[in-house]
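Each chain gets a letter, A, B and so on, in the order its sequence line appears, and its residues count up from 1.
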2 protein chains.
Amino acid sequence: MIPHYGLIGEYEVSLDAKGRFRMPAGLLKKLGDTDHLQFVIRQGWDPHLTLYPRPVWEKEIEALNQRSELDPRVKQYAQAFWRGANEVSLDSADRIQLPKRLQTYASQVSKLILTAREDKIEIWTETEYDKLLEVPAEDYAALGRELFGNLPAYPVNPPA
Amino acid sequence: MIPHYGLIGEYEVSLDAKGRFRMPAGLLKKLGDTDHLQFVIRQGWDPHLTLYPRPVWEKEIEALNQRSELDPRVKQYAQAFWRGANEVSLDSADRIQLPKRLQTYASQVSKLILTAREDKIEIWTETEYDKLLEVPAEDYAALGRELFGNLPAYPVNPPA
DNA sequence: ACATTTTCCCACTTTTACCCACTAAATTTC
DNA sequence: GAAATTTAGTGGGTAAAAGTGGGAAAATGT
């Protein structure tokens, strides 16, 4: 059974000259015993990396494998999903070393944003992350209304 | 029973003047005792080569043979499958020598990308591999939704 | 028998992992 | 509330591992 990590939080971490960043203490607590915990990191199609605790990654792959790769679309999707996939782990100072190939994503950047959600951690450069905020709050509110329909309206930006 | 290799990782390897590349240490560990392990390498229909540990190759062939007597088209398929298939192994420095005939795929290239997925290893030239990313992120997100159903919509590139 | 290809071996370079030491921040203690 | 102690985060030297290159012996094929 997969542990329920209940990860949460947004963290600013710094990337050192060797391409390492420290797992914030807040996440370490949630992850439990990280002595033998492996992670998988991948480059998805979005402009960020995703970090999975090993058991979570395996669950995702299992879902992927339900579909036959004889379907060319499934094959293409799977190939893209596996793109940049690498096994990583924490060093003795609780840091993660970004694989060489994924460092290009974070090239020349010394600061990264981690966003933890339930059982995955997204890794963004600050500039890419800020782009998310360029969307006016009202657009998200509208989107939410569209998706979740007739829930009672709740003001995102309450009237001053 | 076929060992469950659980291969994972994307590696950049360099092809030397003799057409050899080294099996990355990360994969060697997963493959276990490679002293007597043989591999089969073949050119598929996609623009990459596929490398199978021997037991995995045999499983594939067996699945193919289940049907080959029944349908002449399957036989034709099997023949194509075998074409370009070569047995290879690791040398004393854990390198694989690309068979002469398959070197044309990787001709004039000094860098290859290996992508390991569960029990097979794909071998790409960098340019071909990068083409995967030419597909816009939205397309993958949409494909994922189509394949795996009602995933929650999450704006990849939020509306302007 | 000769030329080409493959394999083995050794030496070298680069990268990674481990370790230790340090600074900064937060928390506790008196 | 200032000093002391613990916890969080950073930086870098160094030994070990990973990866590279090429000479030369062995094998292969014509």
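- Under a 3.5 Å cut-off, the side chain of A:D33 and the backbone N or O of A:D35 do form a donor-acceptor pair.
- Nucleotide D:dA18 holds its C1' atom 16 Å from the CZ atom of B:F21, rounded to whole Å.
- Candidate nucleotides D:dG9, D:dT10, D:dA18 were compared by shortest atom distance to the side chain of A:S14, and D:dT10 ranks first.
- The side chain of B:P24 lies closest to D:dG19 when the candidates are D:dG19, D:dG22, D:dT10.
- Nearest-nucleotide positions on DNA chain D place A:L28 closer to the 5' end than the other of A:L28 and A:A17.
- A donor N or O paired with an acceptor N or O is not found under 3.5 Å between the base of D:dG19 and the side-chain atoms of B:R20.
- Side-chain atoms of B:K29 lie closest to D:dA18 of the nucleotides D:dT10, C:dA17, D:dA18.
- Atom CZ of A:R95 and atom P of C:dA21 are 15 Å apart (whole Å).
- Atom pair B:M23:CE and D:dT20:C1' shows a separation of 16 Å (rounding to whole Å applied).
- By the 4.0 Å N-to-carboxylate-O rule, A:E138 lies close enough to A:R145 to be salt-bridged with it.
- For an aromatic pair to be called close, the ring centres must be under 6.0 Å apart, and A:Y77 with A:W45 satisfies this.
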Derivation of the side chain to side chain donor-acceptor pair (under 3.5 Å) call for A:E126 and A:W124: CA-CA 6 Å; A:E126 198 175 30; A:W124 298 74; over 6 Å; no
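- Candidate nucleotides D:dG19, D:dA8, C:dT15 were compared by shortest atom distance to the side chain of A:K100, and C:dT15 ranks first.
- Bending across the helix from C:dA1-D:dT30 to C:dC30-D:dG1, expressed as the angle between its end axes from five pairs apiece, amounts to 30° (10° rounding).
- When ring centroids are compared, A:W57 and A:F81 come within the 6.0 Å threshold.
- Proximity note for B:D91 (side chain, C-beta onward) versus D:dA18, C:dC8, C:dA17: the nearest is C:dC8.
- Not a single donor-acceptor contact under 3.5 angstrom links the side-chain atoms of A:K18 to the base of D:dT10.
- Rounding to whole angstrom units, OH of residue B:Y11 and P of C:dT15 are separated by 17 Å.
- For the pair A:D16 and A:K18, the salt-bridge criterion is not met [side-chain N within less than 4.0 Å of a carboxylate O].
- Atom CD1 of A:I96 and atom C1' of C:dA17 are 14 Å apart (whole Å).
- Remark: A:S92 is not in phosphate contact with C:dC18, judged by side-chain N or O atoms under 4.0 Å from OP1 or OP2.
- In this entry the distance linking CG of A:D16 with C1' of C:dC22 reads 15 Å, nearest Å.
- Here the closest heavy-atom approach between residue A:Y5 and residue A:E118 is recorded as CB-O, 3.6 Å.
- In the displayed structure, A:I8 atom CD1 is contacted under 6.0 Å by at most 12 heavy atoms of other residues, nucleotides or ligands.
- When rounded to the nearest whole Å, the span between CG of A:L15 and P of D:dG9 equals 15 Å.
- Below the 3.5 angstrom threshold, one finds no donor paired with an acceptor across the side chain of B:R22 and the base of D:dG21.
- D:dG9 atom P lies 13 Å from atom CG of A:L90, rounded to whole Å.
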